[in-house]
Q: 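Attaching a single structure in structure tokens format; questions to follow.
All figures in this text were calculated on a predicted structure; none of them were measured in a lab. Proteins get letters first, then strands, A, B, ... in listed order; numbering begins at 1 in each.
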2 protein chains.
Amino acid sequence: MGKERVDTGAGNGASLHHSVLDALGLEITAGTLAPGHGLTLDGIQERFGVSRTVARETMRLLESMGLVVSRRRVGITVQPPGSWHVYEPRVIWWRLAGPGRDTQLRSLTELRIAVEPLAAAAAAREATTQQRERLVELAAEMRDLGESGRLEPFMDLDIEMHSLLLRASGNEMFVALTDVVAAVLRGRTQLGLMPHRPVPEALDLHDEVARAVAAGEHEAAETAMRRLLAEVRDAMAPIRPRRH
Amino acid sequence: MGKERVDTGAGNGASLHHSVLDALGLEITAGTLAPGHGLTLDGIQERFGVSRTVARETMRLLESMGLVVSRRRVGITVQPPGSWHVYEPRVIWWRLAGPGRDTQLRSLTELRIAVEPLAAAAAAREATTQQRERLVELAAEMRDLGESGRLEPFMDLDIEMHSLLLRASGNEMFVALTDVVAAVLRGRTQLGLMPHRPVPEALDLHDEVARAVAAGEHEAAETAMRRLLAEVRDAMAPIRPRRH
DNA sequence: CTCACTGAAAGGTGTTACCAATGGTGGGGA
DNA sequence: TCCCCACCATTGGTAACACCTTTCAGTGAG
């Protein structure tokens, strides 16, 4: 059976267990490795051509994300989605890369709808002067790019603005969602859920949010953000998989 | 300094690295090990009397939570709070156990205020018949216990009701916050932030939420939950550390 | 035929020793 | 003074081993 190193991706800076971790994480979150499926350390060693140490470390990481449990004699068992740590950045990443993509995108969007309005309100209270200035600046730039239909740079600004709002909220739990929101916005564009040209309402609402936050009007900021996200949710509705 | 095994808790089912992980996690989140502080595997081995393997595995775990980074030749460096994975259950647990307790409680409460109203609305749409029935049942029981001033079992029901709502929402991101909400409610009671006898308004609002969800009136459920949480936030205000 | 005991095997847990890679530090030369 | 290079501390990775828990099959008694 020989050694036959698989060498996933020529070890491009990725520290060995990282590649193994990625491979297994993807397979489990994609459902290729169904819940209840059993793994063994020996199996992992053989399959990826790594040492026991590496196999054990990746297994520990998977376990700490709730993707597997490890028990003596019985081995490593794949866990059902309900016990996955869905806020773990890598889990989110894997799910967005796999077949669960639009389900994940939908539940994350619902999370955004919950969090971002309050984050905007908090930002209106807590943001620094520089942050407020940057916000209105961003909204203006977004209008320019949006009206000229340049989707990629528009998305970058969109990400920057929402990230800035979360950061400015001063709540660490909100700040920690920065990457999630960025991933959602990127995924949404990649999935073609954006119109060719951002709708004028969205541009207006971004403006409104920025100005409200800058002016410290937290209620206005909250409702504007709520309307903005309602817009986003409606734009997403077309790909509903369940009842129409 | 010698060997001096620390033996945190006589290995009661905890698999060795778990005790080391807990000890280090607590120290880092508590700030005892300040950001920038350097650790080495040898140091961990010596201090806890464990083998290199165990030291390495715990270090990987800490790294995957963003508490440290590990680089060759440099060693293991404690990271600042900004890079911690604050949705990681163990990180939340450690912070609630340490001096950052009320800061953590406050930011988590703000998260609840964002999420739970939408979760209630979703529950009003998605809950099963059994879940709806259980909700009104719980609200009734809470009223009984609340009016008789039995705080501990009241808290248990409170936790059960909010957990049920999150679960019934059908959104995995909301469901995953079940433990967080439970921890907040428990922490709030332990910290003495609850009045001796739950205020009548709170009891009424729990009732209202339950009935609205049971009836499928998602807007009513959302606003009732919002008012309930406003109540909670106000009860929490007294211990504000910053500007009043 | 069923149930309880027993023993072996499977597979994670923990330890040790060793070599490879890497990047900071300090010394030496221009 | 400044730059380059060699050294070495420290993690990354491999290998081989002892140990302990848990499962499971086989066996014997009732």
Q: Quick one: which of D/dT11, D/dT14, D/dG13 gets closest to the side chain of B/Leu41?
A: D/dT11
Q: So, does A/Ser70 get its side chain near the phosphate of C/dT13, meaning an N or O under 4.0 Å from OP1 or OP2?
A: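 Affirmative; the distance criterion is met.
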Q: Starting at CG of A/Leu62 and ending at C1' of C/dG12, how long is that distance when rounded to a whole Å?
A: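 Atom CG in A/Leu62 sits about 15 Å away from atom C1' in C/dG12.
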Q: Whole Å only: how far is the CG atom of B/Leu16 from the C1' atom of D/dC19?
A: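 Rounded to the whole Å, the gap is 13 Å.
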Q: For B/His17, answer base if it contacts any base atom (sugar-phosphate contacts may also be present), sugar-phosphate if it contacts only those atoms, and nothing otherwise; contact means non-hydrogen atoms under 4.0 Å.
A: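 Sugar-phosphate, no base atom in range.
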Q: Please check: side-chain N/O of B/Arg56 versus main-chain N/O of B/Leu41, any donor-acceptor pairing under 3.5 Å?
A: no
Q: Please determine if a side-chain N or O atom of B/Arg52 lies less than 4.0 Å away from the OP1 or OP2 oxygen of C/dA17.
A: no
Q: Examine distances only and state if a side-chain atom of B/His85 and a backbone atom of B/Ser64 form a donor-acceptor pair shorter than 3.5 Å.
A: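 Present.
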Q: Measuring from the side chain of A/Thr40 (C-beta onward, heavy atoms only), which nucleotide among C/dG12, D/dG13, D/dG12 has the closest atom?
A: C/dG12
Q: B/Phe48 has an atom CZ; how far is it from atom P of C/dT13, in whole Å?
A: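 One finds 20 Å between P of C/dT13 and CZ of B/Phe48, rounded.
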Q: How many Å lie between CD1 on A/Ile76 and P on C/dG11, as a whole number?
A: 11 Å
Q: To the nearest Å, how far apart are B/Leu39 CG and D/dT10 C1'?
A: 13 Å
Q: Indicate whether OP1 or OP2 belonging to C/dG14 is found under 4.0 Å from a side-chain N or O atom of B/Ser51.
A: no
Q: Does atom CZ of B/Arg101 have more than 12 heavy-atom neighbours from other groups under 6.0 Å away?
A: yes
Q: Considering only side-chain heavy atoms of B/Thr53, which listed nucleotide, C/dT15, D/dG12, D/dG13, is closest?
A: C/dT15
Q: Could you state the CD-P distance from A/Gln45 to C/dG11, rounded to the nearest angstrom?
A: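 It works out to 12 Å between those atoms.
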Q: Dump the pairs, protein N or O against N or O of nucleotides 22-24 of chain D, anything under 3.5 Å, distances to one decimal.
A:
unit_1, atom_1, unit_2, atom_2, d
D/dT23, OP1, A/Arg71, NH2, 3.0

Q: Any side-chain heavy atom of B/Glu141 within less than 4.5 Å of one from B/Met161?
A: no
Q: Parallel, tilted or perpendicular: which fits the ring planes of A/Tyr87 and B/Tyr87, with parallel below 30° and perpendicular above 60°?
A: parallel
Q: By the salt bridge (Lys or Arg N to Asp or Glu O under 4.0 Å) test, which pairs, at least two apart or in different chains, include something from residues 162-174 of chain A?
A: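 Sorted pair list: A/Glu172-B/Arg95.
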Q: Okay, side chain of A/Trp84, backbone of A/Val68: is any donor-acceptor separation there less than 3.5 Å?
A: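 Pair absent, no side-chain N/O of A/Trp84 close to backbone of A/Val68.
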Q: Measuring from the side chain of A/Arg56 (C-beta onward, heavy atoms only), which nucleotide among D/dT14, D/dT11, C/dG14 has the closest atom?
A: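 Among the listed nucleotides, the one closest to the side chain of A/Arg56 is C/dG14.
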Q: Between P on C/dA9 and CG on A/Asp42, what's the gap in Å once rounded to a whole number?
A: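 These atoms are roughly 17 Å apart.
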Q: Whole angstrom is fine here: how far is it from CD1 in B/Ile44 over to P in C/dG14?
A: 15 Å
